[in-house]
Amino acid sequence: MAKLMSLLWGAGSPPCWRVMITLEEKKLQGYKRKLLSFEKGEHKSQEVLEVNPRGQLPAFKHGDIILNESCATCLYLENQFKSQGIKLIPDSAEDQAVMYQRMMEGLALTDKLNSVIYYDCSVPEEERHDSAVKRNKEALTAELKLWEGYLENVSAGSYLAGAFSLADVIVFPSIACAFRFGLSVGRYPKLAKYYSLLKNRASIKTTWPPHWVASPQGYDILKDL
Amino acid sequence: MAKGMTLLWGSGSPPCWRVMIALEEKNLQGYNQKLLSLEKLEHKSKELLDINPRGQLPTFKHGDNVLSESYAVCFYLESQFKSQGTKLIPDGPAEQALMYQRMFEGLTFYEKLNVVIYYSFDWFVPEGERHESALKRNKEALVTELRLWEGYLQKLGSGSYLAGPSFTLADVVVFPTVGTVFRFGLSPERYPKLGEYHNLLKERPSIRASWPPHWLESPKGLDTLKDI
């Protein structure tokens, strides 16, 4: 099964990481994969554009099927391989509601993180404003506080929607990025606990961004939030 | 079933519209609903903030389950009511994959539209931070995006839905954005496939039933997008 799958990915990219965690959880190791460099612009190469005209990663193929949206890929894999590996969508209506809600809120978290971390990359110099930077940081702080609240009762086996689920697959990579970029463990203790509980989960440990392993010291853009 | 459901919504909001289409398609008419005014900032009222700290619409309750992400509501409804109404997630892997893919691309489409049509609103971009160069870039990005969707529909052929021969969740979540682009003056001559898709879907009962009331009251839309 996995032999018919291939993934073009970039290191440290939460969307790519989400797909890789899912493939591990669904016991689909053995898929072909190719690491590309964002820095060298390889995500805009012909090889990627042939699979994904948007020139974005991840770009995933399963036979002739192409999926270039990380959430789409994760949902597809869970539905197609429901009976193998870990069950990533809970059965009860209550847990399902929380799971889908947190999954989709996870996209807001990622956007708000990006608007702070990648401000200079995405906004041309003459359009940058301190007022915008300040507002983005305030919005991210409010967002992180919401997640701190969602994880009030976090413990081993009790994550964003109870047992480990697609919500965690989608959201964990962004939480990991937040700490990589200097988020204070002291100010966000529940997020920190969530992070430390899951960073040793097999699917997550195996797919940890290689350059984070190589240079464990991250950045401090978020240290004052 | 629907009596245990409540929806707080705003007219013309694509996320709200998605939920209303899904409820119609799953034969869950009769849900309790309350229309709030986005203009009067009723979405920031205490009533709403108590249920949804993000102060956003839609906010949907089913018993004790509260959902305020439109896609989450759609997935939840399809999963909980699989056996009633329209089947919104196809079984076949190729169609299913395409449906999920277009659904999530639909979020990009929606964002690229908003950064054009709401650019000159203070709540979106404060006046001191607006730049002609940014608006120009946003319009170019929207045109690129629209052409992608034209291409997707072209490839599938006339009368097709976004993921193939059947109406799916992809149409539920993306049609409201398509409805909005034409409301804001997009030229169906320049985007004929989107125009065809719009004409096909606007007659669908679930979509007619949930058409934004203020669009019915004033059928003439805006012309923000007429030249793109």
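Side chains are part of it too, since the values below use all heavy atoms of this structure and drop only hydrogens, waters and symmetry mates. Throughout, a chain's letter reflects where its sequence line sits, starting with A, and its residues are numbered from 1. Bear in mind the structure is a predicted one, so any value in this text is a computation, not a measurement.
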Validation row: Y100(B), C74(A) side chains within 4.5 angstrom (heavy atoms)
no

D95(A) versus chain B, the contacting section by heavy-atom distance below 4.5 Å
neither

Quick one: what part of D91(B) sits under 4.5 Å from any heavy atom of chain A, side chain, backbone, both or neither?
backbone

With chain A as the partner, which of A134(B), A94(B), P93(B) has the greatest number of non-hydrogen pairs under 4.5 Å?
P93(B)

Counting only heavy atoms not in D122(B), do more than 12 fall under 6.0 Å of its CG?
yes

Over 12 foreign heavy atoms within 6.0 Å of CD, Q46(A)
yes

Over 12 foreign heavy atoms within 6.0 Å of NZ, K44(A):
yes

More than 12 foreign heavy atoms under 6.0 Å from CZ of R147(B): is that the case here?
no

Side chain, backbone, both or neither of E143(A) within contact of chain B (heavy atoms, under 4.5 Å)
side chain

Within 6.0 angstrom of D50(B) CG, more than 12 heavy atoms from elsewhere
yes

Heavy-atom distance under 4.5 Å between the side chains of I89(A) and F75(B), does that happen here?
no

With only heavy atoms counted, which part of R102(A) is less than 4.5 Å from chain B, the side chain, the backbone, both or neither?
neither

Return the option, out of G63(B), G128(B), P53(B), with the maximum number of heavy-atom pairs under 4.5 Å with chain A.
G128(B)

How about S131(A) and E129(B): does a side-chain donor come under 3.5 Å of a side-chain acceptor?
yes

Kindly give the heavy-atom pair with the smallest separation between L148(B) and P53(A), and that separation in Å.
CD2-CB, 4.5 Å

Got a second to check how far S133(B)'s OG is from E126(A)'s CD, nearest 0.5 Å?
6.0 Å

Strictly distance-based, threshold 3.5 Å: is any side-chain N or O of Q101(B) a donor or acceptor partner for the main-chain N or O of N68(A)?
yes

Neighbour count >12 (heavy atoms, 6.0 Å) for atom NZ, K137(A)
no

K112(B): partners by side-chain contact (heavy atoms from CB on, under 4.5 Å), with sequence neighbours left out
T108(B), A141(B), L142(B), E145(B)

Would you confirm whether E69(A), through its side chain, and R102(B), through its main-chain N or O, come within 3.5 Å as a donor-acceptor pair?
no

Please give me the minimum heavy-atom distance between L67(A) and A97(B), naming the atom from each residue.
CD2-O, 3.3 Å

Within the 4.5 Å heavy-atom criterion, are D111(A) and E111(B) side-chain neighbours or not?
yes

For Q29(A), is the CD atom crowded, meaning more than 12 foreign heavy atoms sit under 6.0 Å from it?
yes

Return the option, out of R135(A), Q80(A), R128(A), Q101(A), with the maximum number of heavy-atom pairs under 4.5 Å with chain B.
Q101(A)

Does any part of the side chain of P124(A), heavy atoms only, come nearer than 4.5 Å to the side chain of H131(B), both counted from C-beta?
no

Around atom NZ of K27(A), are there more than 12 heavy atoms from other residues, nucleotides or ligands closer than 6.0 Å?
no

Chain A contact via L107(B) - which portion, at a heavy-atom distance below 4.5 Å
side chain

Would you mind checking which part of I65(A) comes under 4.5 Å of any heavy atom in chain B, side chain (CB onward), backbone (N, CA, C, O), both or neither?
side chain

Give me the atom names and distance for the closest heavy-atom approach of N79(A) to Q96(B).
CB-OE1, 3.4 Å

Minimal non-hydrogen separation, M104(A) against A72(B), with atom names
CG-N, 3.9 Å

Tell me, for L146(A) versus chain B, whether the close heavy atoms (under 4.5 Å) come from the side chain, the backbone, both or neither.
side chain

Which residues share a side-chain hydrogen bond (donor to acceptor under 3.5 Å, both in side chains) with Y100(A), sequence neighbours left out
none

